[in-house]
Amino acid sequence: MEDTQLESVLDGLAGPGFVTLPTAWPLGDVDALRREALEGWQDGSFHQAGVGRGGGQEIRSEVRRDLVRWLDPEAPSEAASRWWQWLEALRTELNRHLFLGLVEAEAHLAVYPAGAFYRRHLDRFRDDDARTISCLLYLNDAWSAEDGGILRLYAPEDGRAVDVLPAGGTIVLFRSDTVEHEVLAAGRPRVSLACWLRRRS
């Protein structure tokens, strides 16, 4: 991770609780991961995302309408392997500088079909405080504001809304326990890689 990139991440997470890194990921890998996601969606390997976890998970289409496929870090594609390496380097640096006690990562590809959304929420479960840092990598090609699918973050200190265009290569990091956020309805299929850096529960 470049020093300037790391400095931005540390300042954002220690300050307002979130940071956006535009055009931060190589477009070749963005294209490869987008193809992986769209092909998986088309061949039926994605499933409707639920709300909650374990036995308490339920499908609630009034809350979220995205489809997901969890990634196996032990058998990644070439492009996903480079992402896992970057995520591990990030975990190490965040532990070194912010003393977060992060021990592992989890990730899934997500597809929002046209019209899909995810209502305002936190990424941490009520009965599990392991998720600490949320990390999004956007995989969309030639995305514009007219396409919708905006990520809306709510600043913890004053509730102000900060909108992020899900343009390919953009990375967004935020505190899982304090930064509420939502995905506004997408006008065309919207693709992302969502990850969480976790501490022990």
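Atoms considered below: every heavy atom in the structure, side chains included; atoms not considered: hydrogens, waters and symmetry mates. What you see is a predicted model; the values in this text were computed from it and never measured.
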If you group Ile, Leu, Val, Met, Phe, Trp and Tyr by side-chain heavy-atom gaps below 4.5 Å, do [X] and [Y] land in one group?
X    : Y    : answer
L21  : V30  : yes
L173 : L122 : no
V51  : Y112 : yes
W25  : V191 : yes
I150 : V172 : no

Might you point out which heavy atoms bring [X] and [Y] nearest each other, and give the distance in Å?
X    : Y    : value
A167 : Y138 : O-CB, 3.3 Å
W84  : P76  : CD1-CB, 3.9 Å
R160 : V162 : NH1-CG2, 3.2 Å
D163 : R152 : OD1-NE, 2.7 Å
R119 : E182 : C-CB, 3.7 Å
Y154 : A161 : CE2-CB, 4.1 Å

Is any side-chain heavy atom of [Y] closer than 4.5 Å to one of [X]?
X    : Y    : answer
L109 : F46  : yes
F125 : R131 : yes
L151 : R190 : yes

Determine, for [X] against [Y], whether the closest basic-nitrogen to carboxylate-oxygen distance falls under 4.0 angstrom.
X    : Y    : result
E104 : R200 : no
D177 : R175 : no
E36  : R69  : yes
R124 : D129 : no

Distance from [X] atom [atom1] to [Y] atom [atom2], nearest 0.5 Å?
X    : Y    : atom1 : atom2 : result
L94  : T132 : CG    : OG1   : 10.0 Å
R65  : Y118 : CZ    : OH    : 14.0 Å
N95  : R199 : CG    : CZ    : 11.5 Å
S192 : I171 : OG    : CD1   : 12.5 Å

Checking side-chain polar atoms at under 3.5 Å, does [X] have a donor or acceptor matched by the opposite partner on [Y]?
X    : Y    : result
S176 : S134 : yes
W196 : D123 : yes
D147 : S144 : yes

Is the count of non-hydrogen atoms from other residues, nucleotides or ligands lying under 6.0 Å from [X] atom [atom1] greater than 12?
X   : atom1 : value
E78 : CD    : no
D3  : CG    : no
E7  : CD    : no

- prompt: Would you say the side-chain atoms of S45 pair up with the backbone N or O of W41, donor to acceptor, closer than 3.5 Å?
  reply: no
message: Using modelled atom types and a 3.5 Å cut-off, is there a donor and acceptor pairing between side-chain atoms of R91 and backbone atoms of L102?
response: yes
